[in-house]
Amino acid sequence: MISRGEDVRMVHLSEINTVIIDSTQVSLTSYLLCELVKRKIKVIFCDEKRNPCSELMSYYGAYNSSKKIRKQIQWDMEYAKEIWTYIVKQKILNQAEMLSKYGFEANIKLMKYAEEIEPFDMTNREAHAAKVYFNSLFGKEFSRDDVNSINAALNYGYGILLSNFNKELQMLFRYILTKCLMR
């Protein structure tokens, strides 16, 4: 890939995992886009405010995507409930570990929330943990609804993560569509 700006830079595609196009001024060739897709390099496009707004997706996923999706579709509700609960519990434990690492005593409260979690988080421990977590990091007055640089940075990061989840969901929808068309 050749990048032309104030200076010209060449980057071998094998060194790239993700390309973020954070300006509406960028021009790309279709050849480059095809090569990025062939190599399963994620391409994320940002809007005029430099917030992620779309991504480039291949028609073909990883070699074992269909196998993974078929397995997940066949999960029974009890197993899905266990997985969901485990993911939320792990998220809270990761937040507690982060707070502990930086010396915040609220990590103890989060560890308690993680132990109290019920199937499908019926008591909303995840939301309570998020409030404690963000207030510990950014102060009691902090709100995820505020318009500020902290929330802008968090939203940007979440946009990048969301694009990765979207990639997996799109593969799932393709699989389901293929199954329906084969009937």
ask   = Applying the 4.5 Å side-chain criterion to the ILVMFWY set and letting contacts propagate, would Ile160 and Ile41 be lumped into a single cluster?
value = no
key: Joint hydrophobic cluster, Leu28 plus Val8, side-chain heavy atoms closer than 4.5 Å   = no
request  = Begin with the C-alpha distance, continue with both residues' side-chain angles, and end with the deciding distance and a verdict on side-chain contact (heavy atoms from CB on, under 4.5 Å) for Asn148 and Phe142.
outcome  = CA-CA 10 Å; Asn148 58 39; Phe142 178 80; 4.2 Å; yes
request  = State, yes or no, whether a side-chain contact exists between Leu32 and Met1 at a heavy-atom distance under 4.5 Å.
outcome  = yes
CD on Glu82 to CG on Asp76, rounded to 0.5 Å = 8.0 Å
query = Does some side-chain heavy atom of Trp84 sit less than 4.5 Å from a side-chain heavy atom of Val88?
reply = yes
ask   = Do other residues, nucleotides or ligands put more than 12 heavy atoms under 6.0 Å from Tyr86 OH?
value = no
remark   = Between Ser136 and Ala106 the two heavy atoms that sit nearest each other are OG-CB, 3.3 Å
ask   = Angle class for the Phe134/Phe138 ring planes (parallel below 30°, perpendicular above 60°, tilted otherwise)?
value = parallel
Tyr156 OH to Ile44 CD1 distance, which is reported to the nearest 0.5 Å = 7.0 Å
query = Within a strict 4.5 Å, meaning less than it, do heavy atoms of the Lys109 and Lys112 side chains meet?
reply = no
request  = Taking the side chain as every heavy atom from C-beta outward, state whether Val147 and Asn151 have any pair of such atoms under 4.5 Å apart.
outcome  = no
inquiry  = Any salt bridge linking Glu35 with Arg39? Criterion: basic side-chain nitrogen under 4.0 Å from a carboxylate oxygen.
reply    = yes
message = Within the 4.5 Å heavy-atom criterion, are Asn107 and Met111 side-chain neighbours or not?
response = yes
message = How long is the straight-line distance from NZ of Lys42 back to CD1 of Ile20, given to the nearest 0.5 Å?
response = 10.0 Å
request  = Would you sort out whether Arg125 and Ile92 count as a side-chain contact (heavy atoms from CB on, under 4.5 Å), showing the intermediate values?
outcome  = CA-CA 8 Å; Arg125 297 291 96 190; Ile92 295 170; 4.2 Å; yes
request  = May I ask whether Leu13 and Val11 are part of the same hydrophobic cluster, defined by side-chain heavy atoms of I, L, V, M, F, W, Y residues being less than 4.5 angstrom apart, directly or through others?
outcome  = yes
ask   = Do Tyr102 and Ile150 share a hydrophobic cluster (ILVMFWY, side-chain heavy atoms under 4.5 Å, transitive)?
value = yes
query = Can you tell me how far OG of Ser100 sits from CG of Leu93, rounded to the nearest 0.5 angstrom?
reply = 11.5 Å
ask   = Under a single-linkage definition using a 4.5 Å side-chain heavy-atom cutoff for Ile, Leu, Val, Met, Phe, Trp and Tyr, are Met122 and Met77 assigned to the same hydrophobic cluster?
value = yes
query = In a check of side-chain contact (heavy atoms from CB on, under 4.5 Å) between Val43 and each of Leu56, Thr18, Val37, which one passes?
reply = Leu56
message = Using a 3.5 Å distance criterion without hydrogens, assess whether the side chain of Arg50 forms a donor-acceptor pair with backbone atoms of Asp22.
response = yes
request  = Check whether any side-chain heavy atom of Val26 sits under 4.5 Å from a side-chain heavy atom of Phe45, and report yes or no.
outcome  = no
ask   = Rounded to the nearest 0.5 Å, how far apart are CD1 of Ile117 and CD1 of Ile87?
value = 10.5 Å
Main-chain N/O of Cys53 paired with Asp47 side-chain donor or acceptor, under 3.5 Å = no
ask   = Can you tell me how far the NZ atom of Lys49 sits from the CG atom of Asn155, to the nearest 0.5 Å?
value = 11.5 Å
